[in-house]
Student: 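One structure is given below, represented as structure tokens, and several questions about it will come after.
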Amino acid sequence: MSLKIYNTLTANKEIFVPVRPGKVGIYLCGPTVYKPSHIGHAVGPIIFDAVKRYLSYKGFEVTWVVNITDVDDKLIEEAAKQGCTVPELAHRVTENYLAALEQLGVHGIDHMPLASEHIGGIIAMCERLISRNAAYVSGGDVYFDVSADADYGKLSHRKPDEQQSGSRELASGQKRNPGDFALWKAAKPDEPPEVQFDSPWGKGRPGWHIECSVMASHYLGETFDIHGGGMDLIFPHHENEIAQSETCHGVPFAKYWMHNGLTRIGTKKISKSDPEMARRMGELTLGNLLSKYSAELLRFCVLSTQYRRPIEFSDEDLDAKRKGLETFYRLFERIQRITGQDPYASGTDLDQIHSSVNGEVEQAFVLAGLNHRARFLEAMDDDFNTGGAIGVLFELAGCINRFMEEQRLDTRHDARLATLAAAAVQTMRSIAAMLGLFEQRPVRPDASSGLVNQLMEVIIAVRAQARSDKQFALADLIRDRLAALDIRLEDRPEGTHWRQGR
RNA sequence: GGCGGCGUACCCAAGUGGACCAAGGGGACGGAUUGCAAAUCCGUUAUUCAUGGGUUCGAAUCCCAUCGCCGCCUCCA
């Protein structure tokens with residue numbers, strides 16, 4: 001099986017062949033850090049984190065770069081509003097963003113460069129483009145001349161002269177053509193000094209697109225493998241990156257362009273300025289969501305859908321997904337009860353146990369487990385179909401539960417069969433790890449104190465007495481009253497367990 | 001106006017020409033289990049994939065048209 005990736009450039013699924021054998025370079029457009037990040041800013045990193053994990057699993061050596069744009073009109077505006085410097089604002093927002101990514105299990109980013117740290121490279125690129133007659137200086141600004149790039153528009157499949165010029169016309173006083181875009185912007189007198197950089201054209205700062213071109217080639221080379229971002233970046237941002245990079249270096253820029261679907265509210269994308277949308281966006285802030293839902297649930301939600309499709313993060317949806325996730329947590333708890341071993345610690349998996357298993361039922365079980373893994377990998381090979389892959393995970397869970405049910409492992413002690421079930425769980429965890437799921441025991445939002453534990457022991461003991469005395473009305477009353485406190489009791493053969501939440 | 005995408009059950013969602021079945025999750029309803037529950041397992045819940053044509057031995061999947069929704073062309077992950 002070979003990996004296929006949908007490439008926006010060709011509008012087709014293509015077999016993935018890296019530029020350099022064995023190595024993969026990935027560049028993902030990160031946020032402009034001027035206000036708290038929303039869930040949409042985490043979607044790309046979560047998806048590409050899974051992409052990197054999968055490529056690593058397939059044996060590639062992956063380098064993944066996510067940029068932070070920390071010099072920009074919006075930052076200047078927002079910093080002025082807050083009465084702080086641009087770097088202070090950028091730093092604060094970036095720190096929050098990084099903390100959220102950390103929580104979300106996005107650990108694979110190798111480099112996170114700041115635009116402000118690559119001013120030298122940006123200026124050099126501008127100069128080179130000017131020397132190639134692809135850019136021109138105009139009143140302290142530097143513009144890229146779109147007419148210098150014969151295949152401009154190849155990513156978004158559009159022709160510049162057929163587009164509505166719109167408000168772009170207004171800001172084009174210095175431009176030769178409305179489609180031209182700024183590589184360098186001259187400083188305005190009222191702008192703070194920390195965003196005024198020296199350049200051959202006077203004080204100023206980079207335009208929007210060039211920092212990505214510079215940083216991508218700096219870390220990954222002039223030609224690299226995968227460039228990603230939200231669908232809304234296809235035009236003009238990525239189109240312009242291609243134009244300036246390929247004109248500057250004379251070689252292809254990124255080989256594969258992957259664009260993720262956008263987060264929506266209802267049927268609308270989240271980034272409109274009407275008040276209702278703004279209010280809902282506030283709810284979808286990363287900080288806010290992480291305070292309401294577990295990071296693993298958010299990650300699970302993102303990956304439950306194929307990355308090119310739009311996603312909505314409604315409470316109803318998150319709730320339904322959370323119930324699904326519980327299936328896995330319960331399976332792990334059950335394995336722990338049966339084997340006494342921590343399923344989150346590494347242990348023997350089906351591969352290791354495979355050859356030593358005998359017995360028809362046992363062998364069938366091992367084979368079924370390995371078959372699920374094969375189907376999981378097949379889904380991932382098909383343009384990182386994480387939604388399909390998660391479906392396979394659910395089926396595997398059902399398969400393992402069925403085995404334990406049929407073998408009555410909850411009540412019957414059979415170390416050999418229990419080990420088998422535990423091995424299947426290990427195999428499940430090893431593939432789920434490609435999605436960054438089930439790496440550690442879920443943290444219950446309201447962890448119980450020692451006193452609560454002790455009180456629960458007392459209550460359960462009292463109820464157990466009532467049950468053995470057949471005072472079921474009393475036993476049920478206790479259970480109902482606890483349920484009202486969001487505490488669930490589960491009477492199992494070996495005793496009563498309790499849990500908070502569902 | 002130009003370019004692009006989407007429409008699969010009550011909800012979310014995979015599948016994008018075939019060789020057994022349109023995955024899976026949530027919900028609902030039955031059954032096993034349980035003192036009753038919870039959890040788990042089993043079964044039911046789309047002869048059908050927005051609609052109408054067409055291509056094909058064969059289509060949810062390709063083509064055309066229609067309807068509906070959305071994105072980009074201006075800052076946006």
Side-chain angles (χ1 to χ4, degrees), chain A residues 8 11 13 28-32 34 37-45 47-48 66 72-74 153 156-171 179 208 228-237 239 259-264 266-273 300-301 304-306 308-312 314 316-327 330-331 333-334 375 379 382 385-395 397-398 400-406 410 467 470-473 475-476 479-480 483 488-493 496-499 502:
Chain A
T8 306
K13 270 188 203 171
L28 174 69
C29 282
T32 299
Y34 71 103
S37 307
H38 57 73
I39 180 67
H41 294 118
V43 168
I47 290 161
F48 278 86
V66 180
D72 166 273
D73 293 344
K74 289 198 166 154
S156 56
H157 308 107
R158 60 182 90 189
K159 297 186 173 66
D161 47 321
E162 283 175 6
Q163 301 303 304
Q164 272 182 354
S165 8
S167 54
R168 203 186 232 187
E169 206 72 73
L170 298 172
W208 176 33
M231 295 253 183
D232 51 352
L233 295 183
I234 294 172
F235 191 93
H237 187 233
E239 195 68 73
H259 290 101
N260 60 270
L262 302 175
T263 305
R264 303 188 311 191
T267 59
K268 297 259 195 294
K269 170 192 169 184
I270 54 161
S271 71
K272 294 291 176 190
S273 45
F300 182 75
C301 265
S304 288
T305 303
Q306 213 282 341
R308 281 187 284 127
R309 300 179 57 111
I311 334 176
E312 185 176 2
S314 64
E316 300 72 41
D317 227 57
L318 257 356
D319 245 36
K321 292 283 178 8
R322 198 205 54 239
K323 287 176 183 162
L325 246 194
E326 292 285 341
T327 300
R330 288 213 168 91
L331 169 62
E333 287 169 13
R334 191 178 186 185
R375 290 207 293 130
D382 184 10
N385 182 4
T386 54
I390 284 176
V392 176
L393 247 28
F394 273 108
E395 288 181 51
I400 298 169
N401 271 322
R402 196 175 313 121
F403 180 74
M404 293 193 284
E405 203 70 18
E406 283 165 356
D410 291 301
R467 288 179 71 210
K470 304 242 182 289
Q471 289 182 275
F472 295 122
D476 292 349
R479 188 170 59 198
D480 292 346
R488 293 289 182 98
L489 295 186
E490 299 177 3
D491 295 325
R492 302 184 171 285
T496 298
H497 288 250
W498 66 278
R499 72 169 76 240
R502 289 127 295 248

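Chain identifiers are assigned alphabetically (A, B, ...) following the order of the sequence lines, protein sequences preceding nucleic acid strands; residue numbering begins at 1 within each chain.
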Student: With rounding to the closest Å, how many angstrom separate the P atoms on B/rA60 and B/rU47?
Tutor: 13 Å
Student: Provide the distance between the two P atoms, one in B/rG1 and one in B/rA65, to the nearest whole Å.
Tutor: 15 Å
Student: What does A/G30 touch in the nucleic acid at a heavy-atom separation under 4.0 angstrom: a base, only the sugar-phosphate, or nothing?
Tutor: sugar-phosphate
Student: If you assign A/T32 and A/D317 each to the RNA chain B nucleotide with the nearest heavy atom, which residue ends up on the more 5' nucleotide?
Tutor: A/D317
Student: For nucleotides 24-41 of chain B, just jot down a letter per nucleotide in 5' to 3' order: B, S or -, based on protein non-hydrogen atoms under 4.0 Å.
Tutor: SSSS-------BBBBSBS
Student: Between B/rC75 atom C1' and A/L233 atom CG, what is the distance in whole Å?
Tutor: 11 Å
Student: Indicate, with a heavy-atom threshold strictly under 4.0 Å, whether A/G229 touches base, sugar-phosphate, or nothing.
Tutor: sugar-phosphate
Student: Is any side-chain heavy atom of A/C301 less than 4.5 Å from a side-chain heavy atom of A/I311?
Tutor: no
Student: Which part of the nucleic acid does A/L393 contact within heavy-atom distance under 4.0 Å: base, sugar-phosphate only, or nothing?
Tutor: nothing
Student: Using a heavy-atom cut-off of 4.0 Å across all strands, would you classify A/Q306 as base, sugar-phosphate, or nothing?
Tutor: sugar-phosphate
Student: Would you call A/R158-A/E239 a salt bridge at under 4.0 Å N-O?
Tutor: no
Student: Which stems, defined as runs of 3 or more consecutive Watson-Crick or G-U wobble pairs with both pairing distances under 3.5 Å, involve RNA chain B?
Tutor: B:1-7 with B:67-73, B:10-12 with B:24-26, B:27-32 with B:40-45, B:50-54 with B:62-66
Student: What nucleotide, of B/rA77, B/rA14, B/rC72, holds the atom closest to the side chain of A/N385?
Tutor: B/rA14
Student: Using the C1' atom as the reference point in each nucleotide, state the distance between B/rU74 and B/rG52 in Å, no decimals.
Tutor: 39 Å
Student: Say you pick atom C1' in B/rU8 and the same atom in B/rC42; how far apart are they, in whole Å?
Tutor: 26 Å
Student: Taking A/S314's backbone N and O only, do any of them form a donor-acceptor pair with A/E312's side chain (distance below 3.5 Å, no angle check)?
Tutor: no
Student: For the residue pair A/R330 and A/N401, confirm or rule out a side-chain donor-acceptor distance under 3.5 Å.
Tutor: no
Student: Just checking A/S37: base, sugar-phosphate only, or nothing, at a heavy-atom cut-off of under 4.0 Å?
Tutor: nothing
Student: Please give the distance between the C1' atoms of B/rU16 and B/rA28 as a whole number of Å.
Tutor: 31 Å
Student: Take atom C1' in B/rA59 and the same atom in B/rC64, then report the distance between them in whole Å.
Tutor: 15 Å
Student: Roughly how many Å apart are B/rA46 and B/rG24, using the P atom of each and rounding to a whole number?
Tutor: 14 Å
Student: Please give the distance between the P atoms of B/rU55 and B/rA19 as a whole number of Å.
Tutor: 23 Å
